[in-house]
Amino acid sequence: MKQQLKNSTSTGTSSSSNNLNNVKRNNNPLLSSIFVKFAICFLLLGLVYRLYSSSFVQFSPIEISSTETTTIDGGDDDREVVVAHKTLPPVVSSESSPVSATTDPPPPPPSMVDLYLDENNKNKTTPQTAAGECDLFVGDWVPDPAGPYYTNSTCFSIEAHQNCMMNGRPDTDYIYWRWNPRDCDLPKFNGEKFLHFMRNKSLAFIGDSIMRNHAQSLLCTLSQVEEALDVYHDKQYKSRRWSFPVHNFTLSVVWAPFLAKATIFEDDNGVSTDIIQLHLDELDAVWTQQYKNFDYIFTAGGKWFLKPAVYYENNTIVGCHGCQGKNITEVGFYYAYRKVVNSTLKFVTSSKHTVYTFLRTTTPDHFENGEWHNGGYCNRTKPFRDGEVDMNSIDGILRKIELEEFEMASGIGSQNGITLKLFDTSYLSLLRPDGHPGAYRNFQPFAGKDKNAKVQNDCLHWCLPGPIDSWNDLMLKMVLNS
């Protein structure tokens, strides 16, 4: 550029000199003045043009090759970009033996993803809210080619009944979907960010086996960042506690299926020898006595309240549910459920110990043509779309009670400095009939049998990995937004 400027200056100077010589020969002062000004203007224009051309070349945009994996610095969104390019860890095959070589999982089926995009998602962008909070629980399940963070070969804490891959489930479409709210972005779960935020804190999942299912999903995801130490379990491994020593974070599962004091006569397979005795006015001490140790809790009631039970208040029988032949007034499960949810939220909102609390709504099951004990099954392989399924009346009653009790408690909680959040996963769970273990709650359930043989199905809990992993996306978003 300097050489160009030098040539331009030299040319302009030479032209100016020739013009001045001509003026002198004509001995005309007016013409001399005009030519001088013209030459100077011409020289300046040349310099400006050269400078502009050089600057344009120097500061032209830099192209980044699309073949490279790039991280876009966009707050929560940067994690999502990186995950999309991550290689899914291998899955343990169940075709040969319980302990077998690892193989790569198949990629998401193109037919499934293409069909969904063509019909429901082509040329569609995620709408954004201009201001305020969006409803994270209204949305759709969309294809997720990146797949889950973990498989059964990279997480060793998956319960056998939810280990669908190891148990031989033949399809894998169900792990290639993620929840997408309609009115805002929901980044995929970021384990590093979660552990950083939860440093020196504790989180407990208090409730039934769906709570344990969720805790194990979180544990599997976090274990890809830091190995967890198993520091406590009860005799039946229903209540457990893990520590993440690098971050001084504690994750607990507290087994309290009714949240209230209950005497249960039931084995691990759900077979009862007597009717449940449930005290509606006394919360289960197994969680209330530990409450002061927690900074965050998830809690919920649920399907246990549908079981036959005798209800007590002040150690006196006040009614029952499903207790035919006992000469006790039938008051219905909804009576007991409202009482216990109300008592639980009162305990939380009146406690001097401040705990960030999530109340999770009921989780629908997807049994078809029966229930778990009489031949019901779930063999669908893709999500429902909006409008294809309605919530059944029982789940509707449970959720209605939860919403009403939450509405009353949240006002009291805010006055007392307690953060109470509704974790309303009922609808998004309703759309995932494909995410349950089904027949694959047991290892190779059809081995040596006809494929149409009747076996017990689990259409309530979730495969791991599976749809419940998206609950962690929602949890992190809500915690960081608070």
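This structure is a prediction, so every number in the text was calculated from the model and none was measured.
- No donor-acceptor pair under 3.5 Å is formed between the side chain of Gln162 and the backbone N or O of Pro437.
- Checking side-chain atoms of Glu227 against main-chain N and O of Ser223 turns up no donor-acceptor pair under 3.5 Å.
- A donor-acceptor distance shorter than 3.5 angstrom exists from the side chain of Asp473 to the backbone of Phe189, with no hydrogens or angles considered.
- Ring geometry for Trp141 against Trp179 counts as perpendicular: the plane angle is over 60°, on a 0 to 90° scale with 30° as the lower cut.
- Under the 3.5 Å distance criterion, the side-chain polar atoms of Asn416 are left unmatched by any main-chain donor or acceptor of Ile418.
- Aromatic ring pairs are classed by plane angle as parallel below 30°, tilted from 30° to 60° and perpendicular above 60°; the pair Tyr356 and Tyr296 is tilted.
- Under 4.0 Å is where a charged nitrogen must lie from a carboxylate oxygen, and between Asp144 and Lys188 at least one such pair does.
- Ser350 places a side-chain N or O within 3.5 Å of a backbone atom of Lys346 that can act as its donor or acceptor partner.
- In this structure a side-chain-to-backbone donor-acceptor pair under 3.5 Å is present from Asn392 to Ile394.
- For residues 421-430, every residue pair satisfying the side chain to side chain donor-acceptor pair (under 3.5 Å) rule, not counting sequence neighbours, is listed here: Thr361-Asp424, Thr361-Ser426, Asp386-Tyr427, Arg399-Asp424.
- Looking at Asn167, its side chain does come within 3.5 Å of a backbone N or O of Tyr440 through a donor-acceptor pair.
- Side-chain contact, Tyr377 with Asn369: a donor N or O sits under 3.5 Å from an acceptor N or O.
- No side-chain heavy atom of Thr329 sits under 4.5 Å from any side-chain heavy atom of Cys320.
- Between the Asn457 side chain and the Cys459 main chain, no donor and acceptor come within less than 3.5 Å of each other.
- The stretch residues 299-311 participates, sequence neighbours left out, in these side chain to side chain donor-acceptor pair (under 3.5 Å) pairs: Glu266-Lys307, Lys303-Asp395.
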